Trainee: 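What follows is a single structure, and I will ask about it in a moment.
Please read all numbers here as calculations on a predicted model, not as lab measurements.
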Amino acid sequence: MKTFLSLIKIQLKDKIDMSFAKSRKTLIQKIVFTIIQFLVIAAVAFLSLYILKLIGLVNKEEVVNLLVVFTAIYFILDLFGTSFDLMKTLYFAEDNKLLVTYPVSAGELFLSKIIVYFFFELRKTAKMLLPIVVGFVLSLLTTTVDPHGTQVFTTQISIAGVFTIIPTLLFLSAFTVVLGALISVPLLYIYQFIKRRPIIELILTIILVGGFIYLSVFLINLIKAQGEIIVSSWIGRASNAIKVFVNKGSLYAAPIRELMYMITGEFVSYGYYRFNLMLLAKFGIVIAGIAALSTLVYFAIKPFYFYIMTSGSEFDNNDKNKNKTNHVLSKYITFTKKELIISIRDVEISGSYIAIYILVPILLMFIDAIYGAISTNLSGQTMTLAFNLLLILTPLLASNSLVASLYSKEGRAAYIKKTKPINPLVPLASKLIFNLVLSVPCVIACGVVFADFSHISASNIVLISLAVLFLQYVWD
């Protein structure tokens with residue numbers, strides 16, 4: 001047992017930066033910041049629900065169903081991320097080469113990996129989901145208001161729900177990790193199949209990005225089709241749509257709904273929930289389910305995990321050497337090609353650029369759809385045009401921080417470039433190409449959206465687009 005705990009401690013120490021604990025001042029700052037962060041997120045969740053109920057978008061009877069739907073969406077997204085992270089943690093982690101040499105059994109090594117990841121899953125849940133759920137619970141515990149404005153001094157749920165939040169989310173995190181461990185096995189083979197066939201990876205990426213753009217444009221066009229917005233009728237339609245969505249979503253997410261009832265209690269009347277003996281039965285069923293699923297994961301995946309670790313196939317480069325003709329390129333093209341390859345391979349860089357340059361035109365189109373549906377005077381129209389330009393420039397200029405990091409990441413190695421027999425501006429300028437390749441289509445798309453909204457002539461749109469690009473690169 002001591003060896004097993006030491007194994008967990010080694011992995012946690014390697015992955016967690018505890019330098020802040022060496023100083024009392026930094027430790028206090030860390031604790032205070034964590035508490036403030038928790039309170040701010042909980043307050044935002046509580047106030048958002050309060051405003052939604054105040055303007056009539058959400059009724060008090062739908063708050064619990066809204067909590068169920070929100071938790072279900074979070075669970076699905078988290079399960080996908082957890083499965084992918086566990087795949088990398090179990091089968092592709094660099095520390096596997098070292099851990100496999102330790103005098104421990106395969107079962108202890110596998111369990112230590114799962115427990116360490118479970119610790120990080122708990123930390124993520126405590127940072128993100130817990131304060132939001134607390135905001136929901138506080139909203140359900142406050143006095144409710146009926147349509148006539150009369151205060152009803154009762155709570156929708158029992159005060160005991162506060163004490164069941166942490167155990168319930170603990171069970172949810174455990175289910176996420178255990179299910180993610182099961183899904184990581186087929187995901188590993190899918191990942192390897194796609195990575196060995198770059199053309200399939202490219203096609204899937206294009207399909208996903210194209211599907212996202214098409215769906216976004218389709219939904220925005222629905223807003224345009226509504227014409228001028230009438231606030232009262234819009235709130236009524238939105239309220240009905242939210243009611244249908246959360247009620248149906250709660251029915252489809254039955255397991256999550258039953259889990260959330262461990263916080264709110266069972267439904268007893270219209271909008272009110274109370275605890276009963278079924279709560280104890282649910283706790284027992286959930287614990288038994290987690291235990292059974294964990295046992296299945298241990299005996300089903302442990303042999304596979306150890307086989308992958310000891311086979312070495314995941315660490316060796318099995319690609320066949322292919323003879324390629326060495327094409328001599330000009331100095332500038334050589335550096336540009338190198339920077340493009342580095343930027344594309346770095347998911348942090350390429351992903352950030354692509355996300356920014358895809359979201360900016362979509363966000364601009366969404367804002368213009370809202371403005372186009374609202375009747376404004378001449379001053380309001382002028383302000384919306386100015387805000388369009390501000391909305392285009394702000395993300396583009398913010399993306400320059402990524403360009404700046406490209407230079408700073410090289411550190412002292414940047415001085416080596418001074419020894420190369422070329423103009424120093426060549427390698428420096430080549431780092432801007434990837435940003436330029438992505439920003440030009442983005443600016444063109446923004447120009448088209450802006451022209452459709454403002455009805456400005458094509459020549460003026462071209463001048464505005466060139467001015468935006470010029471400003472972006474002068475800012476660089």
Side-chain angles (χ1 to χ4, degrees), residues 41 44-45 48-49 52 58 62-90 114 117-137 165-191 194 204-205 207-216 218-219 241-264 282 285-286 289-290 292-294 296-297 301 347 351 355 358-359:
I41 296 175
V44 169
S48 299
L49 284 170
L52 289 176
V58 175
E62 286 132 26
V63 175
V64 172
N65 286 340
L66 184 61
L67 172 62
V68 171
V69 172
F70 173 81
T71 308
I73 295 173
Y74 176 89
F75 173 75
I76 293 171
L77 296 176
D78 190 34
L79 180 61
F80 178 78
T82 297
S83 303
F84 192 78
D85 287 343
L86 275 173
M87 180 196 70
K88 295 199 294 186
T89 300
L90 291 175
I114 296 296
Y117 190 86
F118 178 62
F119 171 82
F120 285 98
E121 179 66 22
L122 286 178
R123 190 172 71 166
K124 181 170 62 176
T125 301
K127 278 187 174 182
M128 299 174 61
L129 185 59
L130 178 59
I132 296 176
V133 173
V134 168
F136 270 92
V137 170
I165 294 176
I166 293 179
T168 303
L169 297 186
L170 183 69
F171 295 149
L172 184 66
S173 299
F175 267 122
T176 304
V177 174
V178 175
L179 287 175
L182 282 174
I183 298 173
S184 67
V185 176
L187 188 62
L188 171 65
Y189 287 103
I190 295 173
Y191 176 79
I194 294 175
L204 288 176
T205 303
I207 290 174
L208 290 174
V209 174
F212 172 76
I213 295 174
Y214 174 80
L215 181 62
S216 301
F218 174 77
L219 294 175
I242 291 173
K243 183 177 181 179
V244 172
F245 174 73
V246 297
N247 289 339
K248 286 189 176 181
S250 178
L251 290 176
Y252 290 127
I256 301 296
R257 183 186 67 220
E258 296 301 322
L259 197 64
M260 289 298 102
Y261 280 174
M262 295 168 60
I263 297 176
T264 63
K282 284 184 180 180
I285 293 171
V286 169
I290 293 175
L293 205 55
S294 301
L296 174 63
V297 167
I301 299 180
V347 179
I358 288 177
L359 290 177

Trainee: Got a sec, which pairs hit salt bridge (charged side-chain N to carboxylate O under 4.0 Å, His left out) with one end in residues 253-264, sequence neighbours left out?
Mentor: E258-K282
Trainee: Hey, could you give me the CD1/CG distance between I183 and L79, rounded to the nearest 0.5 Å?
Mentor: 4.0 Å
Trainee: Report the distance from atom OH of Y74 to atom CD1 of I132, rounding to the nearest 0.5 Å.
Mentor: 8.0 Å
Trainee: Taking side chain to side chain donor-acceptor pair (under 3.5 Å) as the test, write out the residues that go with S216, two or more places apart.
Mentor: none
Trainee: State the CD1-CG distance between I301 and L86, to the nearest 0.5 angstrom.
Mentor: 9.0 Å
Trainee: Considering non-hydrogen atoms only, spot the tightest contact between G180 and S83 and give its length.
Mentor: CA-OG, 3.4 Å
Trainee: Distance-only check: which donor-acceptor pairs under 3.5 Å involve side-chain atoms of residues 244-256, not counting sequence neighbours?
Mentor:
residue, atom, partner, partner atom, Å
N247, OD1, N65, ND2, 2.8
N247, ND2, K243, O, 3.1
S250, OG, N65, OD1, 3.1

Trainee: Side-chain contact test, heavy atoms from C-beta onward, threshold under 4.5 Å: evaluate it for L179 versus F75 and give yes or no.
Mentor: yes
Trainee: Are F70 and L129 side-chain neighbours, meaning at least one heavy-atom pair lies under 4.5 Å?
Mentor: yes
Trainee: If the condition is ring pair (Phe, Tyr, Trp, His ring centres under 6.0 Å), which residues does F171 pass it with, not counting sequence neighbours?
Mentor: F283
Trainee: More than 12 heavy atoms of other residues, nucleotides or ligands under 6.0 Å from CD1 of I41: is that the case?
Mentor: yes
Trainee: What is the distance from atom CG of D85 to atom NZ of K124, rounded to the nearest 0.5 Å?
Mentor: 6.5 Å
Trainee: For K88, check salt bridge (Lys or Arg N to Asp or Glu O under 4.0 Å) against everything at least two apart and list the hits.
Mentor: none
Trainee: Would you say F136 and I263 make side-chain contact, with heavy atoms under 4.5 Å?
Mentor: no
Trainee: Who pairs with F80 by ring pair (Phe, Tyr, Trp, His ring centres under 6.0 Å), at least two apart in sequence or on another chain?
Mentor: none
Trainee: Would you mind listing every salt bridge (charged side-chain N to carboxylate O under 4.0 Å, His left out) that reaches into residues 169-180, with sequence neighbours excluded?
Mentor: none
Trainee: Any side-chain heavy atom of V63 sitting closer than 4.5 Å to one from L67?
Mentor: no
Trainee: Kindly compute the distance separating CG (L169) from CG (L122), expressed to the nearest 0.5 Å.
Mentor: 10.0 Å
Trainee: Would you give the length of the straight line joining atom CG of L170 to atom CD of E121, rounded to the nearest 0.5 angstrom?
Mentor: 11.0 Å
Trainee: Apply side chain to side chain contact (heavy atoms under 4.5 Å, CB included) to the pair F212 and L359, showing each step before the final yes or no.
Mentor: CA-CA 10 Å; F212 172 76; L359 290 177; 3.9 Å; yes
Trainee: Looking at every heavy atom in both A126 and P131, which two are closest together, and how far apart are they?
Mentor: O-CD, 3.3 Å
Trainee: For T71, give me all partners under side chain to side chain donor-acceptor pair (under 3.5 Å), at least two apart in sequence or on another chain.
Mentor: none
Trainee: Once side-chain hydrogen bond (donor to acceptor under 3.5 Å, both in side chains) is applied, what residue pairs with a partner in residues 175-186 remain, sequence neighbours excluded?
Mentor: none
Trainee: Yes or no on side chain to side chain contact (heavy atoms under 4.5 Å, CB included) for Y117 and L90, after CA distance, side-chain angles and deciding distance?
Mentor: CA-CA 10 Å; Y117 190 86; L90 291 175; over 6 Å; no
Trainee: Using the side chain to side chain donor-acceptor pair (under 3.5 Å) criterion, which residues pair with K127? Sequence neighbours excluded.
Mentor: none
Trainee: Taking the side chain as everything from C-beta on, heavy atoms only, tell me whether L293 gets closer than 4.5 Å to L182.
Mentor: yes
Trainee: Measure the shortest side-chain to side-chain distance between F120 and V177 over non-hydrogen atoms and say whether it is less than 4.5 angstrom.
Mentor: no
Trainee: Can you name the residues that form a side chain to side chain donor-acceptor pair (under 3.5 Å) with T125, not counting sequence neighbours?
Mentor: S173
Trainee: Sequence neighbours left out, what passes ring pair (Phe, Tyr, Trp, His ring centres under 6.0 Å) with Y261? Give chain and number order.
Mentor: Y273
Trainee: So D78 and M128, do their side chains get closer than 4.5 Å, heavy atoms only?
Mentor: no
